[in-house]
Amino acid sequence: MKAVMCRRYGPPEVLSLEDIPKPRPKKNEVLIKVRAATVFAGDCEVRAFKFPAWSWLPLRIMMGLTKPRWPVLGQELAGEIEAVGANVTTFKPGDKVFAALEFGFGAHAEYKCMSARGPIAPLPANMSFEEAAGIPVGGVNALHFLERANIQPGQRVLINGAAGSIGSVGVQLAKYYGAEVTAVDSAEKLDVLRTLGADHVIDYVREDFTKRGEIYDVIFDVVGKSPYGRSLKCLTPRGHYLLANPRLTPMLRSLWTSATSDQNVMVAYAGASADTMRQLKELIEAGYIKAIIDKRFALSEAAEAHRYVDAGHKKGTVVLAVEHLD
């Protein structure tokens with residue numbers, strides 16, 4: 001089968017399309033014929049090994065000291081079940097699915113095996129493979145954080161980095177919960193955010209949201225770049241400050257904030273599950289979450305897709321369309 005291989009850390013040029021053996025499902029696994037995958041910031045960070053200094057060594061040990069331990073990148077996909085293991089009863093060949101792979105990676109290939117009990121669910125009836133492929137990672141993370149904020153109708157929610165994979169679903173979920181949503185990102189992405197339902201938009205290049213004098217019940221920082229102290233001052237006394245990609249200093253400061261005030265700072269890891277994926281499917285089919293596809297690339301154009309995402313101009317999902325010739 002064809003797969004995009006990352007055999008060393010570095011720029012997009014380290015990626016190459018190669019022939020590797022087609023996997024076989026173990027007794028509790030399904031074999032997915034991948035129809036679409038995505039490239040987002042997380043894939044590019046792994047490829048370049050671009051992580052905060054405090055996490056460099058543990059992540060390097062986990063992911064591979066001298067080269068990637070999992071050379072096929074990609075953390076979310078949509079496709080069809082081609083075969084199932086002997087013990088699998090929840091899926092059958094021909095089922096259409098979408099799935100989150102997390103640190104197992106492997107979506108940038110024609111086929112992928114994964115546990116039938118993992119974060120996988122039937123494809124939403126109202127989405128194509130390409131649309132559904134861009135939902136799992138952002139959806140899992142947005143649900144994880146915003147559910148814990150217990151958003152009530154009429155509350156004010158600000159999302160920083162709102163046009164990315166997590167933020168774009170976050171805007172839609174916050175609106176589903178009944179919030180008044182302010183979305184922060186660069187100017188060229190603001191129209192997309194309005195399309196997703198944002199009530200207010202802020203171009204972070206022109207304006208610092210912490211200096212507007214506005215108060216929010218929830219601040220959801222997807223990109224980890226909001227100023228910690230000033231952000232807390234923009235929260236209500238019992239507000240929630242949600243950090244999806246925190247640096248070390250905010251993580252340490254969060255312990256003190258949560259211990260000494262009624263404000264809640266959350267930095268917990270978002271784990272994907274089959275239940276979460278089914279929840280996302282229901283929200284999609286009910287019309288509360290839609291996909292915004294920015295650009296499409298062929299699997300053979302993965303390096304070009306990485307360069308595009310690296311440039312920071314992604315508005316919605318960057319899709320890798322997998323064309324099977326067999």
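Since we're looking at a predicted model, the values are computed, not measured. Just so you know, residue 1 is the first one in the sequence shown, and it goes up from there.
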Looking only at heavy atoms, what is the nearest atom pair of [X] and [Y], with distance?
X	Y	answer
Val34	Ala107	CG1-O, 3.8 Å
Ala198	Val171	N-CG1, 3.9 Å
Ala100	Met114	O-CE, 4.0 Å
Arg7	Lys67	O-CB, 3.3 Å
Gln263	Leu235	NE2-CB, 3.3 Å

Just by distance, do the side chain of [X] and the backbone of [Y] share a donor-acceptor pair under 3.5 Å?
X	Y	result
Tyr241	Ser231	no
Thr257	Arg253	yes
Asp185	Ala162	yes
Gln75	Leu73	no
Asn126	Ile284	yes

Heavy atoms of other groups near [X] [atom1], more than 12 under 6.0 Å:
X	atom1	answer
Arg230	CZ	yes
Arg24	CZ	no
Arg69	CZ	yes
Phe49	CZ	yes

Using a strict cut-off of less than 4.0 Å between a Lys/Arg side-chain nitrogen and an Asp/Glu carboxylate oxygen, indicate whether [X] and [Y] qualify as a salt bridge.
X	Y	value
Glu131	Lys290	no
Lys295	Glu304	no
Asp310	Arg47	yes

Does any part of the side chain of His240, heavy atoms only, come nearer than 4.5 Å to the side chain of Phe145, both counted from C-beta?
no

When the ring planes of Tyr308 and Phe297 are compared, do they come out parallel, tilted or perpendicular, using 30° and 60° as the limits?
tilted

Give me the ring orientation class for Tyr176 and Tyr288: parallel if the planes are under 30° apart, tilted from 30 to 60°, perpendicular past 60°.
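If you compare the ring of Tyr176 with that of Tyr288, the planes turn out tilted.
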
Just checking, any donor-acceptor pair under 3.5 angstrom between side chains of Asp275 and Ser273?
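Result is no, nothing qualifies.
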
Audit row: Ser128, Glu130, side chain to side chain donor-acceptor pair (under 3.5 Å) steps and yes/no:
CA-CA 5 Å; Ser128 67; Glu130 292 186 1; 5.5 Å; no

Which value, rounded to the nearest 0.5 Å, describes the distance between Asp221 atom CG and Ile159 atom CD1?
10.5 Å

Checking Asp217 against Ile151 for the side chain to side chain contact (heavy atoms under 4.5 Å, CB included) test, could you report, in this order, the C-alpha distance in whole Å, the side-chain angles of both residues, the deciding distance, and whether it holds?
CA-CA 8 Å; Asp217 299 282; Ile151 297 170; over 6 Å; no

Using side-chain contact (heavy atoms from CB on, under 4.5 Å) as the criterion, point out the one residue from Leu101, Thr38, Asp43, Val39 that pairs with Glu76.
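For Glu76, the side-chain contact (heavy atoms from CB on, under 4.5 Å) test succeeds with only one of Leu101, Thr38, Asp43, Val39, which is Thr38.
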
Could you walk me through whether Lys2 and Asp19 pass the side chain to side chain contact (heavy atoms under 4.5 Å, CB included) check?
CA-CA 5 Å; Lys2 299 290 186 183; Asp19 285 304; 3.2 Å; yes

